[in-house]
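I have placed the structure first, in the form of structure tokens, so that the comments after it can refer back to it.
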Amino acid sequence: MDTFSTMRAFRRIVELGGLARAAEDLGLSSAGLSKQLRALEAHLDTVLLQRTTRSMSLTESGRAYYADCCRILDELDVLEQSMRQQSQRVTGRLRLNAPLSFTLSILSPLLAEFLRDYPDLQLDLVMEDRLIDAVAHGFDLSIRLRSSLDDSTLIARRLATVKQVLCAAPSYLEQNGEPATLDDLRRHKILIYSLAQIQDIVPMQENAAAGSERSRINNSLLLRDMLVAGLGIGALPSFLADPAIARGELRRILPAFMDEPRHVYAVYPTSRHLQPKVKAFVEFLGRRLPSVMNDYS
């Protein structure tokens, strides 16, 4: 027996003054509702309603049970409403994993904006350029910059696209000459972001830079600084390349042969009921990131 449903049915019988009206109100048959009432009385081992062919009245036990039913059901309704409201509030601690250079360059002001919008939320941010197991490390959400994602049981939402820019410092190009074709890269020093899915800076033509000197760096900010220092040619995400190009620190080369773009993904564990804090942050980034990234080439 579903105790609360039966209590609600009994309450409606009393409030509406009869089985027929209560059955209609509850969308049940009179026979079905009468069966519920008999089961309730058998369960309580007492008579709650005195029934004749023409009238129905509460017994002394019925009056006491009705009063307690009303109190308990009203308290239950208040509790359920409170829990529903609480489940929609963006509170608690959001454990977020994101790449260091992207966070410092792009996410930082957006995170501040998001936290101002949700003052009851705390942020636990870990910046890590390497891919880590978000579930094993207890993260609610990971931000990943990848050309594509491997098959996974995790949910992934693509938020924006980050273009790659092949560039070098003017000082390097003055000293070593500017490549005019992909094949010219063979004669240049190449700096590689070592955590990229595709290690060739121009994957459209396989081994275009074969034979060139290569250095591998696992952080985009340091890679940018190495390029600005005139140490070679490399591919940077546009959010790092464009400001340096605007300052005259870097020059774009071979623009017709753009490296494969990266996409910004929000990745989180699959869940039938997505936590409000995760849903709010993903929807926020979905609104704000595309316009931010449109400012870059």
Side-chain angles (χ1 to χ4, degrees), residues 1-96 113-125 134-135 138-141 153-155 157 266 268-287:
M1 181 177 66
D2 184 336
T3 301
F4 287 124
S5 294
T6 305
M7 290 170 67
R8 292 186 188 281
F10 173 73
R11 181 177 183 174
R12 293 305 286 158
I13 293 171
V14 176
E15 289 173 341
L16 296 176
L19 279 166
R21 290 179 181 177
E24 183 180 358
D25 180 70
L26 295 170
L28 302 172
S29 67
S30 295
L33 186 56
S34 179
K35 183 177 179 180
Q36 281 192 40
L37 178 57
R38 290 195 303 272
L40 176 62
E41 290 178 325
H43 176 69
L44 297 174
D45 194 23
T46 189
V47 176
L48 300 174
L49 287 169
Q50 292 286 5
R51 300 180 285 279
T52 68
T53 55
R54 293 189 176 183
S55 65
M56 179 178 292
S57 62
L58 286 166
T59 64
E60 184 176 351
S61 296
R63 283 192 294 271
Y65 187 74
Y66 173 71
D68 285 339
C69 267
C70 292
R71 176 182 57 79
I72 291 170
L73 291 174
D74 288 346
E75 290 177 355
L76 180 62
D77 288 342
V78 170
L79 175 61
E80 289 179 342
Q81 182 178 1
S82 174
M83 293 304 297
R84 281 193 293 269
Q85 291 174 346
Q86 184 175 340
S87 69
Q88 298 305 313
R89 291 181 59 208
V90 179
T91 60
R93 185 174 298 276
L94 178 67
R95 296 207 69 229
L96 173 66
E113 180 182 338
F114 179 72
L115 291 174
R116 284 194 297 269
D117 289 344
Y118 298 99
D120 294 331
L121 185 69
Q122 292 83 48
L123 177 66
D124 186 353
L125 171 65
V135 175
F139 289 106
D140 299 307
L141 178 74
T153 58
L154 301 178
I155 303 298
R157 176 175 169 181
Y268 46 91
T270 180
S271 175
R272 191 161 62 91
H273 299 294
L274 186 61
Q275 297 180 77
K277 60 186 177 182
V278 175
K279 181 179 179 182
F281 187 61
V282 171
E283 290 181 349
F284 170 80
L285 290 183
R287 292 192 306 270

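For the single chain, residues carry numbers from 1 onward in sequence order. Just so it is clear, the values below take in all heavy atoms, side chains as well, and ignore hydrogens, waters and symmetry mates.
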request  = Supply the atom-to-atom distance Leu73 CG to Met7 CE, rounded to the nearest 0.5 angstrom.
outcome  = 4.5 Å

Which atom pairs, donor and acceptor, lie under 3.5 Å between side-chain atoms of residues 61-69 and protein residues at least two apart or in another chain?
unit_1: Ser61; atom_1: OG; unit_2: Thr46; atom_2: OG1; d: 3.4
unit_1: Arg63; atom_1: NH1; unit_2: Leu58; atom_2: O; d: 3.3

key: Leu26, Leu19, Thr6 screened by side-chain contact (heavy atoms from CB on, under 4.5 Å) with Gln36, the one that passes   = Thr6

key: Heavy-atom side-chain proximity of Glu113 to Phe284 below 4.5 angstrom   = yes

key: For the student: nearest non-hydrogen atoms of Tyr268 and Asp140, plus distance   = CB-O, 3.4 Å

key: Sidechain N-carboxylate O distance under 4.0 Å for Asp77, Arg8   = yes

inquiry  = Atom CG of residue position Asp45 - does it have more than 12 heavy atoms of other residues, nucleotides or ligands inside 6.0 Å?
reply    = no

Residue pair Phe281 / Val90, side-chain heavy-atom distance below 4.5 Å = no

task = List the atom of Arg12, the atom of Asp25, and the distance in Å for their closest heavy-atom pair.
result = NE-OD2, 3.0 Å

query = Closest heavy-atom contact between Leu48 and Glu41?
reply = N-OE2, 2.8 Å

task = Grab the two heavy atoms, one from Phe4 and one from Ile72, that are nearest each other, plus how far apart they are.
result = CE2-CG2, 4.1 Å

query = Between CZ of Phe114 and CG of Leu94, what distance do you get to the nearest 0.5 Å?
reply = 6.5 Å

request  = Could you pull out all residues at least two apart from Asp117 that satisfy side-chain hydrogen bond (donor to acceptor under 3.5 Å, both in side chains)?
outcome  = none

query = Distance from Gln122 atom CD to Lys277 atom NZ, nearest 0.5 Å?
reply = 9.5 Å

task = Search all heavy atoms of Leu16 against all heavy atoms of Ala22 and return the closest pair with its distance.
result = CD1-CA, 3.7 Å

ask   = Closest heavy-atom contact between Met56 and Ile13?
value = SD-CG2, 3.7 Å

message = Once salt bridge (charged side-chain N to carboxylate O under 4.0 Å, His left out) is applied, do any residues pair with Glu24, and if so which ones, sequence neighbours excluded?
response = none

task = For side-chain contact (heavy atoms from CB on, under 4.5 Å), just list the numbers for Leu49 and Phe10, CA-CA rounded to whole Å, side-chain angles, deciding distance to a tenth of an Å, and then say yes or no.
result = CA-CA 10 Å; Leu49 287 169; Phe10 173 73; 4.1 Å; yes

request  = Measure the shortest side-chain to side-chain distance between Glu283 and Arg157 over non-hydrogen atoms and say whether it is less than 4.5 angstrom.
outcome  = yes

note = So CD of Gln50 and OG1 of Thr59: to nearest 0.5 Å the spacing works out to 6.5 Å

ask   = Considering residues, nucleotides and ligands other than Glu75, do more than 12 of their heavy atoms fall under 6.0 Å from its CD?
value = yes

key: Inter-residue atom distance Gln275.CD - Leu141.CG, 0.5 Å rounding   = 10.5 Å

